[in-house]
Chemist: 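Handing you a structure now.
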Amino acid sequence: MDVLIVAPTYDPHANAVRWAVEALGYESAIVDYGFSPTRSTMTYRTEDDDLVIRPFASSTDPLSETGCLWIRRASAAVFDDDTHPDDRRYSLASWNAFHRSFSVQALKHCDLVANDPVAYTRAVLKPVQLATAKAVGMSVPPTIASSDADDIVAFIARNDAQGARTIVKPFVHMKWATREGRIVNANTSIVTAEMITTSDIRSCPMIYQREILKSYEVRVLICGMSHLAVRIDKQAGRGALDWRLQSDPTLLRCERIEVPGDVIARMSAFMQELGIVTASLDFIVDEAGEWVFLESNEGGNFLWLETVNQDLPVLDLFAKFLISRDGSFSYVEKRDVTIEHFDRAVGVSYLSGEDVSHPNGGTRAVIEA
């Protein structure tokens, strides 16, 4: 197996990348942890230090014969109705441990793991990202992460004294389902001292930052030693504070941009310090032209950039990175696969929001784990 992808089988990113890898002439498959234990088994053997995943009535390549493992998004095991509710908690913990073992074992057997699951547990933490970015010389916004109302109010007061507003953002993605069936997300927003003093702040720590007045934002996709930087211009309305609040990404204006040499060097140092080989880094370019680091996303969405601007070789870059099996990969731009080609193969637009199945079908070359 050339490229093995850990993801739900319906995930549009996983299916697009798998399609691209196969279109480039390589073998690829998807491991869906959500199919354990009802549709597959796993076995680890000490005699050859190898691990095998078997869909029922068939067999698959052992982990030792896999060139690259991309841990896109790991889903939890799903049990059938025959499993007693009291047993599910223990069984789920066991499957989670076994799945983590699979990912960690890949470090021994695969030429490339994107990303190292041990390093990922540290790299995904927002305070660690900010501390690392600052340590390698990047500019970062004044920030506190806290559940202490007095500390937060004092921080807001210092920002107010500088003529700056304060924003609040969650540590992790959070959403709630209302009684009416609507989904409400916790997004980046402006916060005031009055809001802090009238809220139950201790219940949930959050991240508070001084708002940086921006000319535009930049998302940089890093793959090995290569990167693709995209300028995302400041938008009116909900997109003004954070472009992620824009529900329709096609309304954003995304253009390729060159990254200053000193920022490239610091991004490289950031990745090396965290021990990861791919991520999407978000920056604000302020009114003085300074690049200010916001955060790194190791498992987020990035292919949407190509749907907004078809001149961006996002899918081609990422697929060839995985095929290379090289953490020091350097991209030679010659586009062979695109999101437009994938959309035609699937018959559904990547941005449609529909579940996307692989154009070759959901059973061939899909490892159901």
Chemist: Which atom pair, heavy atoms only, marks the closest approach of Leu305 to Leu312?
Modeler: O-CD1, 3.5 Å

Chemist: Nearest 0.5 Å, what's the CG-CD1 distance between Leu130 and Ile144?
Modeler: 12.5 Å

Chemist: Are there over 12 heavy-atom neighbours, none belonging to Glu194, within less than 6.0 Å of that residue's CD?
Modeler: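 12 or below, so no.
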
Chemist: Return yes if a side-chain donor-acceptor contact under 3.5 Å exists between Glu273 and Thr132, otherwise no.
Modeler: no

Chemist: Tell me, yes or no, whether the heavy-atom count around Arg202 atom CZ, taken from other residues, nucleotides or ligands under 6.0 Å, exceeds 12.
Modeler: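 12 or below, so no.
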
Chemist: Return the minimal non-hydrogen interatomic distance between Trp304 and Cys254, and the atom names on each side.
Modeler: CZ3-SG, 4.0 Å

Chemist: Begin with the C-alpha distance, continue with both residues' side-chain angles, and end with the deciding distance and a verdict on salt bridge (charged side-chain N to carboxylate O under 4.0 Å, His left out) for Asp286 and Lys214.
Modeler: CA-CA 4 Å; Asp286 68 16; Lys214 58 192 173 187; over 6 Å; no

Chemist: Looking only at side chains, do Thr66 and His109 share a donor and an acceptor under 3.5 Å apart?
Modeler: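 Side-chain D/A pair, Thr66 to His109: absent.
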
Chemist: Can you hop from Trp95 to Val78 via hydrophobic side chains spaced under 4.5 Å?
Modeler: no

Chemist: Taking it one step at a time, do Ser296 and Glu298 satisfy side chain to side chain donor-acceptor pair (under 3.5 Å)?
Modeler: CA-CA 6 Å; Ser296 169; Glu298 290 71 36; 2.5 Å; yes

Chemist: Is there a side-chain contact (heavy atoms from CB on, under 4.5 Å) between His227 and Leu221? Walk through the geometry before answering.
Modeler: CA-CA 5 Å; His227 68 269; Leu221 172 62; over 6 Å; no

Chemist: How far does CH2 of Trp291 sit from CZ of Arg266, to the nearest 0.5 angstrom?
Modeler: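 The distance works out to 12.5 Å.
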
Chemist: I'd like to know if the side chain of Tyr10 pairs up with that of Asp32 as donor and acceptor (distance under 3.5 Å, no hydrogens or angles considered).
Modeler: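 No - no donor-acceptor pair under 3.5 Å links their side chains.
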
Chemist: Indicate the atoms forming the closest heavy-atom contact of Pro170 with Ile207, along with that distance.
Modeler: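 Taking every non-hydrogen atom into account, O-CD1, 4.2 Å.
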
Chemist: Out of curiosity, Leu274 CG to Ile276 CD1, how far, rounded to the nearest 0.5 Å?
Modeler: 5.0 Å

Chemist: I'd like to know if the side chain of Arg88 and the backbone of Thr83 have a donor-acceptor N/O pair within less than 3.5 Å.
Modeler: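 Side chain of Arg88 to backbone of Thr83, a donor-acceptor pair under 3.5 Å: yes, one is there.
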
Chemist: Asp311 and Arg256: salt bridge (charged side-chain N to carboxylate O under 4.0 Å, His left out), yes or no, with the steps?
Modeler: CA-CA 9 Å; Asp311 292 333; Arg256 196 165 183 172; over 6 Å; no

Chemist: Okay, side chain of Ser75, backbone of Gly34: is any donor-acceptor separation there less than 3.5 Å?
Modeler: yes

Chemist: Indicate yes or no: does Arg219 engage Asp282 in a salt bridge with an N to O separation below 4.0 Å.
Modeler: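 The answer is yes: the pair qualifies as a salt bridge.
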
Chemist: Val172 and Val168: same hydrophobic cluster, using ILVMFWY side-chain contacts below 4.5 Å?
Modeler: yes

Chemist: Over all heavy atoms of both residues, which pair between Ile30 and Ala14 is shortest? Give the atoms and the distance, please.
Modeler: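 So the two residues come closest at CD1-CB, 4.1 Å.
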
Chemist: Would Asp316 and Tyr331 count as having a side-chain donor-acceptor pair, cut-off 3.5 Å?
Modeler: yes

Chemist: Before you tell me yes or no, could you show the steps for Val113 and Cys68 under side-chain contact (heavy atoms from CB on, under 4.5 Å), namely the whole-Å CA-CA distance, both residues' side-chain angles and the distance that decides it to 0.1 Å?
Modeler: CA-CA 6 Å; Val113 178; Cys68 168; over 6 Å; no

Chemist: Using a 6.0 Å distance limit plus a 45 degree cone around the ring axis, check whether Arg158 lies over the aromatic ring of Phe155.
Modeler: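 Relative to the ring axis of Phe155, which defines the angle, Arg158 lies outside at least one limit.
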
Chemist: Got Asp148 and Ile201 here, is their nearest side-chain heavy-atom distance under 4.5 Å?
Modeler: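 Asp148 does not reach Ile201 side chain to side chain.
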
Chemist: Is it true that Asp336 and Lys320 have a side-chain N and a carboxylate O under 4.0 angstrom from each other?
Modeler: yes

Chemist: Specify the closest pair of heavy atoms between Arg73 and Gly300, including all atoms of both residues, with the distance to one decimal.
Modeler: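 It is NH2-CA, 4.0 Å.
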
Chemist: Taking the six-membered ring for Trp, is the centroid-to-centroid distance between Phe321 and Phe329 below 6.0 Å?
Modeler: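 Centroid distance Phe321-Phe329: below 6.0 Å, so yes.
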
Chemist: Using atom types as modelled and distance alone, determine if a side-chain donor or acceptor of His13 lies under 3.5 Å from a backbone N or O of Phe302.
Modeler: yes

Chemist: How long is the straight-line distance from CG of Leu322 back to OH of Tyr26, given to the nearest 0.5 Å?
Modeler: 12.0 Å

Chemist: So, do Met195 and Ser189 sit near enough that their side-chain heavy atoms are less than 4.5 Å apart?
Modeler: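 When only atoms from C-beta onward are counted, Ser189 and Met195 do not touch, as no gap falls below 4.5 Å.
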
Chemist: Working to the nearest 0.5 Å, report the span between CD of Glu217 and CD1 of Ile232.
Modeler: 6.5 Å

Chemist: Assigning hydrophobic clusters by single linkage (Ile, Leu, Val, Met, Phe, Trp, Tyr; side-chain heavy-atom cutoff under 4.5 Å), is Met267 placed with Met225?
Modeler: no

Chemist: Is it the case that over 12 heavy atoms from other parts of the model lie below 6.0 angstrom from the CE atom of Met206?
Modeler: yes

Chemist: Quick one: does Ile323's side chain get under 4.5 Å of Asp2's, heavy atoms only?
Modeler: no

Chemist: If you measure from the Lys or Arg side-chain nitrogens to the Asp or Glu carboxylate oxygens, is any gap between Arg335 and Glu306 under 4.0 Å?
Modeler: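 The answer is yes: the pair qualifies as a salt bridge.
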
Chemist: Contact between Glu22 and Glu27 at the side-chain level, heavy atoms closer than 4.5 Å - yes or no?
Modeler: no

Chemist: Apply side-chain contact (heavy atoms from CB on, under 4.5 Å) to Leu112 and Val277, showing your working.
Modeler: CA-CA 9 Å; Leu112 177 66; Val277 293; 4.1 Å; yes

Chemist: Between Asn115 and Thr278 (side chain of the first, backbone of the second, donor and acceptor by atom type, cut-off under 3.5 Å), is there such a pair?
Modeler: yes

Chemist: Can you tell if the side chain of His341 reaches within under 4.5 Å of the side chain of Asp343, non-hydrogen atoms only?
Modeler: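 Side-chain contact under 4.5 Å: no.
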
Chemist: To the closest 0.5 Å, what do you measure between CG (Leu4) and CD1 (Ile71)?
Modeler: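 Result: 10.0 Å between the selected atoms.
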
Chemist: Hey, does Lys134 have a side-chain heavy atom less than 4.5 Å from the side chain of Phe293?
Modeler: no

Chemist: Do any N or O atoms from the side chain of Arg72 and from the backbone of Gly299 form a donor-acceptor pair under 3.5 angstrom?
Modeler: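 Answer holds: yes.
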
Chemist: As a test of understanding, state which of Gln209, Arg210, Glu211 forms a side-chain hydrogen bond (donor to acceptor under 3.5 Å, both in side chains) with Asn159.
Modeler: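 It is Arg210, the one option of Gln209, Arg210, Glu211 that forms the side-chain hydrogen bond (donor to acceptor under 3.5 Å, both in side chains) with Asn159.
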
Chemist: Is there a donor-acceptor contact under 3.5 Å from the side chain of Thr143 to the main chain of Pro141?
Modeler: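 Yes: the side chain of Thr143 pairs with the backbone of Pro141.
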
Chemist: Tyr44 versus Asp49: any side-chain heavy-atom pair under 4.5 Å?
Modeler: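 A side-chain contact under 4.5 Å exists here.
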
Chemist: Using the benzene-type ring in the case of Trp, are the ring centres of Trp70 and Phe318 under 6.0 Å apart?
Modeler: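 Yes, the ring of Trp70 comes within the 6.0 Å limit of the ring of Phe318, centre to centre.
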
Chemist: If you count the non-hydrogen atoms of other residues, nucleotides and ligands that lie under 6.0 Å from CD in Glu333, is the total more than 12?
Modeler: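 Atom CD in Glu333 is packed in, count exceeds 12.
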
Chemist: Here's one to test your reading of the geometry: is the NZ or CZ of Arg231 within 45 degrees of the ring axis of Tyr216 and under 6.0 Å from its centre?
Modeler: yes

Chemist: Step by step, work out the side-chain contact (heavy atoms from CB on, under 4.5 Å) result for Glu255 and Val230.
Modeler: CA-CA 5 Å; Glu255 301 291 340; Val230 180; over 6 Å; no

Chemist: Report yes or no: do Tyr208 and Phe171 belong to one cluster of Ile/Leu/Val/Met/Phe/Trp/Tyr joined by side chain heavy-atom distances under 4.5 Å?
Modeler: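 Yes, it is one cluster - the side chains of Tyr208 and Phe171 are joined through contacts under 4.5 Å.
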
Chemist: Using a 4.5 Å cut-off on heavy atoms from C-beta on, say whether the side chain of Val220 contacts that of Ser280.
Modeler: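 No, their side chains stay 4.5 Å or more apart.
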
Chemist: Between Ser268 and Ile264 (side chain of the first, backbone of the second, donor and acceptor by atom type, cut-off under 3.5 Å), is there such a pair?
Modeler: no

Chemist: Does one hydrophobic cluster hold both Phe283 and Val259, with members joined at side-chain heavy-atom distances below 4.5 Å?
Modeler: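 Both belong to a single hydrophobic cluster.
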
Chemist: Looking only at heavy atoms, what is the nearest atom pair of Ser28 and Ile5, with distance?
Modeler: OG-CD1, 3.8 Å

